S.K.: 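Got a structure for you, written out below as structure tokens; questions coming shortly.
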Amino acid sequence: MHSQISGYICSQVNNYIIIKEKDLKTRLIQALIKNAEGNIAKHKLNVEVFLNNPSGVAEHSDYVETIQDEIDKVSHYEDQLETINKHFA
């Protein structure tokens with residue numbers, strides 16, 4: 001039987017529970033994935049805010065360029081996820 005606790009792998013052998021730390025590679029890859037997913041969510045939300053209330057962002061006079069910049073950031077992090085999953089996961 002195997003179960004997972006954040007950062008650890010637990011298994012039972014002959015009525016003993018053995019807890020091992022996940023290998024560093026797995027934890028780093030998980031952190032990279034979570035970071036990219038979080039940034040995607042952030043930049044998508046920025047686009048939604050600009051689309052629903054462009055006048056609420058006074059320092060941005062070129063709304064189209066601002067939205068394009070946010071979409072470029074979403075694309076960047078989606079590319080990161082694809083690369084991580086293709087080569088490292």
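All values reported here derive from a predicted model rather than from experimental measurement.
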S.K.: Check which hydrophobic residues are tied to L28 through side-chain heavy-atom contacts below 4.5 Å, counting indirect links as well, and list them.
M.R.: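 Direct or chained contacts put L28 with L24.
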S.K.: For residues 75-83, which side-chain donor-acceptor pairs fall under 3.5 Å, sequence neighbours excluded?
M.R.:
residue, atom, partner, partner atom, Å
S75, OG, I71, O, 3.2
H76, NE2, Q80, NE2, 3.3
T83, OG1, D79, O, 3.0

S.K.: Who pairs with L51 by side-chain contact (heavy atoms from CB on, under 4.5 Å), at least two apart in sequence or on another chain?
M.R.: V47, I67
S.K.: Which value, rounded to the nearest 0.5 Å, describes the distance between E70 atom CD and E65 atom CD?
M.R.: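 Going from CD on E70 over to CD on E65, the span is 11.5 Å.
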S.K.: Test of understanding: with side-chain contact (heavy atoms from CB on, under 4.5 Å), list the residues that count as partners of E48, not counting sequence neighbours.
M.R.: L45, N52
S.K.: Identify, with sequence neighbours excluded, every residue that meets side-chain contact (heavy atoms from CB on, under 4.5 Å) alongside K25.
M.R.: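 Counting only residues at least two positions away or on another chain, K25 forms a side-chain contact (heavy atoms from CB on, under 4.5 Å) with D23, I29.
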S.K.: Quick one: side-chain contact (heavy atoms from CB on, under 4.5 Å) partners of Q68, sequence neighbours excluded?
M.R.: V64
S.K.: Do NZ/NE/NH1/NH2 and the carboxylate oxygens of K34 and E37 come within less than 4.0 Å?
M.R.: no
S.K.: Return the CG to CD1 distance between L32 and I84, rounded to the nearest 0.5 Å.
M.R.: 4.5 Å
